[in-house]
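See below for the structure under consideration.
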Amino acid sequence: AMWNSIDVKYQAGAYGPIGETRTLLLLWKQLEANNYPNASIIREDLEKRYQEEKQAAMRGGGNYVVPDLQGGNEIVQPTT
């Protein structure tokens, strides 16, 4: 029942824009906290993807606003 509730909240946009890596990561963290089978494996993969996306944004040059995992935004300044 709890898993269904989490899924409904995700579909309603409670975790953020559907399909964004940060949103998916928040969803799977919640599922993991509620003992959903194999959720930790998916969460770990999503954390890697999130970090890769952040690094790709930094390589592109200029400043980028990247959603952080607490629901706010982080301004990323590339290093040279």
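This structure is a prediction, so every number in the text was calculated from the model and none was measured. Quick note: numbers below take in every heavy atom, side chains included, and nothing from hydrogens, waters or symmetry partners.
Atom NZ in Lys9 sits 4.5 Å away from atom OG in Ser5 (nearest 0.5 Å). From Arg22, atom CZ reaches atom CG of Leu46 across 13.0 Å, with rounding to the nearest 0.5 Å. Atoms CD and CD, from Gln55 and Glu52 in turn, are 7.5 Å apart once rounded to the nearest 0.5 Å.
At a threshold of 4.5 Å between non-hydrogen side-chain atoms, the residues Arg49 and Asp45 do not count as touching.
By the ring-ring contact (aromatic ring centres under 6.0 Å, His included) test, Tyr15 pairs with no residue at all, sequence neighbours left out. By the side-chain hydrogen bond (donor to acceptor under 3.5 Å, both in side chains) test, Gln11 is found to be paired with Asp7, residues two or more places apart in sequence or in another chain being considered.
Closest non-hydrogen pair, Tyr10 versus Gly19, comes out as OH-N, 3.4 Å. Scanning all heavy atoms of the two residues, the minimum distance from Ile6 to Leu27 falls at CG2-CD1, 3.5 Å.
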Under 3.5 Å, which donor-acceptor pairs link side chains of residues 31-38 to any protein atom two or more places apart or in another chain?
from  : atom 1 : to    : atom 2 : distance (Å)
Glu32 : OE1    : Arg43 : NE     : 2.4
Glu32 : OE2    : Arg43 : NH2    : 3.4
Asn34 : ND2    : Gln30 : O      : 2.9

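Under a 3.5 Å cut-off, the side chain of Thr21 and the backbone N or O of Tyr50 do not form any donor-acceptor pair.
Hydrophobic clustering (ILVMFWY, side-chain heavy atoms < 4.5 Å, transitive): Leu25 and Ile41 are in distinct clusters.
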